[in-house]
Every structure is written in structure tokens, then in C-alpha cells.
Amino acid sequence: MENSVITMTVCADKHLQSPMYFFLGHLSFLEILTTYSMLWGLVLPGMQTISLAICVAQLYLYISLGASEFALLGAMAVDRYVAVCNPLRYNIIMNSHTCTWVVIVPWVFGFLFIWPIYATFHLTFCKSNVLDHFYCDRGKLLKLSCDDTLFTEFILFLMAVFVLLGFLIPTIVSYTSIISTILKIPSASGQRKAFSTCASHFTSVVIGYGSCLFLYMKPKQTQAAEYNRVASLMVLVVTPFLNPFIFTLWNEKFIAGFGDGMRHCCQLLKD
């Protein structure tokens with residue numbers, strides 16, 4: 001619900017057309033897709049049974065949308081780096097053409113992750129057809145296979161390392177430069193103002209990466225499947241629920257835009 005509000009407000013308000021809000025709108029839309037594609041079995045009655053094709057689609061969406069989200073978070077970190085460390089050239093560097101490609105690349109990158117799906121469902125499943133989870137979890141699926149999944153799990157682990165650390169490293173580098181630049185600002189008010197521009201994104205990165213590192217940075221996914229349900233809820237429910245508040249609660253520009261949108265809607269209803 002909150003992410004839907006962010007997406008609609010960013011699209012509707014002409015004052016929220018800067019790169020930061022453009023990226024935030026796409027991040028919110030990614031989280032909407034991820035949450036609803038994974039949790040529909042919990043909210044719809046009688047939908048605890050799904051076909052193999054839907055299970056394949058659900059796992060593909062989970063992996064693809066997750067990879068796209070981390071790629072976008074990494075891009076947002078670079079955006080914050082340019083805003084803080086090179087503010088005079090920010091509008092030149094982060095022009096509309098650049099922002100469009102910065103959004104297109106994460107979307108395309110995420111949906112190229114087909115091999116994990118092929119590797120998972122290419123296995124032979126001869127055990128129970130009951131999956132002890134609220135969505136098609138990869139670790140639980142591997143546990144139901146009669147084949148030796150050690151090699152598959154190792155390759156999937158390497159891919160998880162590539163995605164998570166591949167976008168965590170530029171995020172760390174960006175924030176190292178950001179903190180170094182902020183500390184050089186002579187006034188305390190200037191430091192607070194500079195840090196406030198990236199504090200929400202930094203908080204979201206810590207929560208998102210913390211839960212996903214716990215989930216996927218394990219070579220043996222069948223062991224992780226025994227205790228990753230809480231972390232899965234963190235990724236699919238808690239993080240998407242908190243992110244809208246993290247990004248907008250103290251953002252006066254967004255609150256003003258949301259208020260204008262609500263007043264416009266009320267006026268339309270009265271008319």
C-alpha cells in the first residue's frame with residue numbers, strides 16, 4: 001500500500017521529477033511486484049496449492065526482481081555520491097538520458113537470471129510434493145530433490161555472491177567517499193544537511209543487505225532452508241513495509257507533494 005502511494009505520487013507530482021525520486025519510484029514498484037508475487041498464497045483463501053508452472057514463475061520473479069532491486073540500490077548509492085561529492089555537476093551528470101539507462105540496466109540485468117531456475121527445476125523430484133514454506137523457496141525445492149545437489153548449490157551460491165557483493169562494493173565505495181566529503185564540511189548544519197540526503201538510502205541498504213546476506217550467503221541452501229523463513233518475511237514484508245517510511249517520513253518535499261495530491265483528489269471527488 002505505502003509503496004503504491006510513493007509510486008503514484010512520484011508519477012503525478014511534477015515537483016518530484018528529480019533523479020532521486022525517479023529511482024525511488026522504480027524501487028517502490030519493484031517492491032510491490034516482489035511482495036505481491038510471493039505472498040498471494042497467504043492472502044488469498046484456498047491458494048496454498050499451486051502448479052509447477054506457477055512455482056517456476058514465482059521463483060523466477062523472486063530472483064529476477066531481487067537482483068534488479070539490488071542493482072538499483074547500487075545505482076542509487078552512486079547517485080547519492082554524485083549529489084554529495086560533485087553537487088555542481090549533478091544535474092549535468094544525472095540528466096534524463098543517464099537516469100533512464102540507470103533504471104533500464106537493473107531491470108534487464110535482473111530478468112537475465114534464467115540459469116538458477118533451469119538448474120533448480122532440471123533436478124529430479126521424487127520426494128513429497130509439499131513445500132514447507134509460504135512461497136517456492138529454492139532451498140526447500142532442493143531439499144525435495146533425489147539428485148546430488150551439491151554442485152548446483154555451489155554454483156547458486158557463487159551467483160548470489162556475485163549479485164550481492166557486486167553491488168555492495170560500489171555502495172561501500174560510494175558511502176566511504178560520501179562520509180569523507182561530509183566530514184570536510186566545516187559547519188555542523190552543513191554536515192547534517194548533506195547526510196540527510198543519503199541517510200534514508202543508507203538505512204534501506206543496511207536492512208536489505210543484512211537480511212539477504214543472512215539468507216543467501218550460505219554454500220548449502222538446504223541447510224539454510226531450515227531457518228530462513230523469518231529472514232524471508234523480513235525481505236518480503238518488513239523491508240517493503242519500512243522503506244516507504246524510511247524514504248518519506250522526514251522528506252518535506254515528498255510530504256508536500258503527497259498533500260497536494262490528496263487535496264487534488266478530494267477536490268475531484270467534490271466536483
Side-chain angles (χ1 to χ4, degrees), residues 2-3 6-7 23-42 50 54-77 102-121 131 133-142 152-153 155-171 201 203-219 221 224-225 227-244 246-247:
E2 294 87 357
N3 283 301
I6 290 178
T7 303
F23 299 145
L24 178 59
H26 279 269
L27 180 66
S28 298
F29 186 61
L30 275 169
E31 291 187 336
I32 292 170
L33 293 178
T34 303
T35 301
Y36 283 102
S37 62
M38 296 300 107
L39 299 181
W40 56 269
L42 290 179
I50 61 173
I54 296 178
C55 185
V56 172
Q58 193 179 55
L59 184 60
Y60 175 65
L61 284 174
Y62 180 69
I63 294 175
S64 300
L65 293 172
S68 296
E69 185 170 340
F70 281 112
L72 186 57
L73 282 172
M76 291 173 72
V102 167
V103 165
I104 289 175
V105 170
W107 278 98
V108 174
F109 171 80
F111 282 89
L112 291 177
F113 275 78
I114 300 175
W115 190 87
I117 312 303
Y118 171 80
T120 301
F121 289 96
L131 205 64
H133 216 291
F134 53 83
Y135 72 97
C136 282
D137 178 66
R138 190 179 62 200
K140 290 290 186 180
L141 286 168
L142 293 175
T152 302
E153 290 180 53
I155 298 299
L156 293 174
F157 167 73
L158 292 180
M159 294 184 72
V161 171
F162 169 74
V163 172
L164 292 176
L165 295 187
F167 296 112
L168 181 60
I169 290 172
T171 301
H201 175 262
T203 305
S204 179
V205 166
V206 170
I207 295 174
Y209 272 100
S211 54
C212 283
L213 287 173
F214 174 82
L215 262 177
Y216 299 114
M217 295 295 281
K218 296 181 176 67
Q221 287 293 304
Y227 50 87
N228 68 359
R229 196 172 305 169
V230 174
S232 296
L233 283 173
M234 184 79 176
V235 172
L236 295 172
V237 179
V238 179
T239 301
F241 177 78
L242 290 177
N243 273 345
I246 293 171
F247 279 103

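Separating the CD1 atom in Ile117 from the SG atom in Cys55 is a distance of 9.0 Å, to the nearest 0.5 Å. Tyr209 contributes atom OH, which lies 10.0 Å from atom OG of Ser204 (distance to the nearest 0.5 angstrom). From Leu156, atom CG reaches atom CD of Glu153 across 8.0 Å, with rounding to the nearest 0.5 Å.
Every residue meeting the side-chain contact (heavy atoms from CB on, under 4.5 Å) condition with Val108, not counting sequence neighbours, appears here in chain and number order: Ile104, Leu112. Under the side chain to side chain donor-acceptor pair (under 3.5 Å) criterion, Trp115 pairs with no residue at all, not counting sequence neighbours. By the side-chain contact (heavy atoms from CB on, under 4.5 Å) test, Ile169 is found to be paired with Val173, residues two or more places apart in sequence or in another chain being considered. With sequence neighbours left out, Phe109 forms a ring-ring contact (aromatic ring centres under 6.0 Å, His included) with Phe113, Phe167. Residues satisfying the side chain to side chain donor-acceptor pair (under 3.5 Å) criterion with Thr34, sequence neighbours excluded, are absent altogether.
Side-chain contact between Leu27 and Phe23 is absent, with no heavy-atom pair separated by less than 4.5 Å. Within the 4.5 Å cutoff, side-chain heavy atoms of Thr120 are placed close to those of Leu59. Proximity of Ile63 to Phe111: side-chain heavy atoms (C-beta onward) are nowhere separated by under 4.5 Å.
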Using atom types as modelled, flag every donor-acceptor pair under 3.5 Å from a side chain in residues 66-73 to any protein atom, sequence neighbours excluded.
unit_1: Ser68; atom_1: OG; unit_2: Ser64; atom_2: O; d: 3.0
unit_1: Ser68; atom_1: OG; unit_2: Pro106; atom_2: O; d: 2.9

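Using bins of under 30°, 30° to 60° and over 60° for the plane-to-plane angle, the ring pair Trp107/His26 lands in the perpendicular bin.
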